[in-house]
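No hydrogens, no waters, no symmetry mates; every other heavy atom, side chains included, goes into these values.
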Amino acid sequence: MDEMIEKVKNGYTLNIYKDKLELSTAVFKFIQSHIIHSLKKKDRFKFCVSGGSTPKSVYHLLSNNDLQWDMVDVFLGDERCVDPNSELSNSLMLRNSLLTNFGSKAYFYEIFNDLNADDETTKNQFISKLFEKCGSNPPTFDLTLLGLGDDGHTASLFPYQKNNVDDFVIFNEGKGLKRISLTPKVLSASSKIVFLVSGASKRIALGRLLDEKEPPDRTPSKLIKSINQISIFCDQESAKELEI
């Protein structure tokens with residue numbers, strides 16, 4: 001196995017792995033360790049997760065690990081406005097990966113558990129559950145795992161939209177679908193933030209995320225800030241053109 005390359009740049013710690021397999025294993029071990037150590041100090045672990053295809057292998061690894069899952073609260077950072085049983089649903093992906101095996105013991109808040117609810121009701125229910133489980137203002141997760149789209153979006157914060165609002169939850173349009181998303185205000189409040197990035201298609205977006213001069217309107221992932229160092233776990237394919 002090639003050694004992992006670690007670099008620090010513009011407020012980010014960059015961890016570069018040889019391929020997706022090594023990347024997934026490293027992220028799994030990082031999350032596993034974070035859960036174990038946090039639950040030695042507190043009663044619950046609040047975990048905000050991303051959808052999409054990149055983290056699925058990480059979720060499968062986690063679900064097969066006998067952690068204290070009954071003490072873990074899982075929230076999605078965003079969701080497509082579709083039936084929870086649709087193949088487009090992030091909830092379905094989680095139920096088929098992270099929330100299987102040992103992971104089935106975790107608490108999971110399904111955003112669209114009431115298909116008859118209107119947007120305002122869905123939003124208010126989401127915010128109410130965040131306050132109930134996180135108990136702070138803004139709601140604070142112990143760990144937030146984010147993806148990075150090839151257009152620079154993260155969660156459902158898409159380019160050139162009103163993403164940076166003084167609210168906790170917003171509705172947005174992205175890639176032909178209506179979506180609901182946590183805002184930068186909530187995501188940035190997380191105790192630990194991790195971006196998971198894989199593949200050649202993410203090279204431009206990753207470079208822009210690390211560029212101090214890049215405008216967040218074009219690359220909304222730059223709206224995610226933290227008083228702590230933000231970690232980026234990526235593979236060599238995505239990091240190939242970085243100037244580091």
Side-chain angles (χ1 to χ4, degrees), residues 11 31 34 38 42-52 55 72-82 84 88-91 93-94 98-99 106-149 151-175 177-196 209 216-217 219-228 230-231:
I31 296 172
H34 213 67
S38 291
K42 48 173 55 181
D43 295 333
R44 309 286 305 172
F45 184 84
K46 299 174 286 290
F47 187 17
C48 180
V49 300
S50 64
V72 177
D73 299 320
V74 178
F75 283 83
L76 275 163
D78 72 308
E79 176 62 292
R80 300 175 179 103
C81 297
V82 297
L88 296 173
S89 168
N90 286 331
S91 294
M93 183 274 287
L94 281 185
L98 181 65
L99 302 172
Y107 168 83
F108 172 57
Y109 180 69
E110 191 162 75
I111 299 170
F112 292 109
N113 54 5
D114 182 0
L115 293 175
N116 295 316
D118 59 24
D119 286 357
E120 194 65 20
T121 301
T122 298
K123 174 182 174 179
N124 289 336
Q125 288 174 343
F126 192 3
I127 293 172
S128 176
K129 187 59 69 172
L130 286 169
F131 277 119
E132 176 190 326
K133 291 293 184 179
C134 297
S136 59
N137 187 0
T140 303
F141 295 104
D142 295 296
L143 175 63
T144 291
L145 180 66
L146 294 170
L148 178 67
D151 61 354
H153 85 269
T154 192
S156 281
L157 308 173
F158 285 88
Y160 306 110
Q161 297 201 22
K162 293 180 180 179
N163 297 308
N164 203 21
V165 296
D166 187 24
D167 205 342
F168 301 127
V169 174
I170 57 171
F171 285 91
N172 252 347
E173 295 284 337
K175 301 199 172 182
L177 285 171
K178 183 178 177 181
R179 301 158 184 257
I180 189 170
S181 180
L182 294 177
T183 62
K185 185 174 184 176
V186 177
L187 297 173
S188 296
S190 302
S191 298
K192 181 60 185 177
I193 300 169
V194 173
F195 279 94
L196 173 59
L209 175 60
D217 280 353
T219 301
S221 53
K222 290 191 68 65
L223 292 169
I224 311 306
K225 306 290 186 181
S226 178
I227 59 172
N228 302 312
I230 294 176
S231 295

Side-chain contact, heavy-atom cut-off 4.5 Å: [X] with [Y]?
X	Y	value
Ile193	Leu187	no
Pro159	Asp217	no
Cys134	Thr140	no
Leu76	Tyr109	no
Pro55	Ser50	yes
Ile127	Lys123	yes
Asp78	Leu182	no

**Item:** Salt-bridge criterion met for Lys46 and Asp73 (N-O under 4.0 Å)
**Value:** no
**Item:** Test of ring centre spacing under 6.0 Å for Phe141 and Phe75
**Value:** yes
**Prompt:** Do Phe131 and Phe168 have ring centroids that are under 6.0 Å from one another?
**Reply:** yes
**Asked** Do the side-chain N and O atoms of Lys192 and Ser231 include a donor-acceptor pair separated by under 3.5 angstrom?
**Response** yes
**Item:** Flag for Asp119-Thr122: side-chain donor and acceptor within less than 3.5 Å
**Value:** no
**Request:** Mind telling me whether Phe158 and His153 have parallel, tilted or perpendicular rings, with 30° and 60° as the class edges?
**Result:** parallel
**Prompt:** Within 45° of the axis and under 6.0 Å from the centre of the six-membered ring of Phe171, does NZ or CZ of Lys178 qualify?
**Reply:** yes
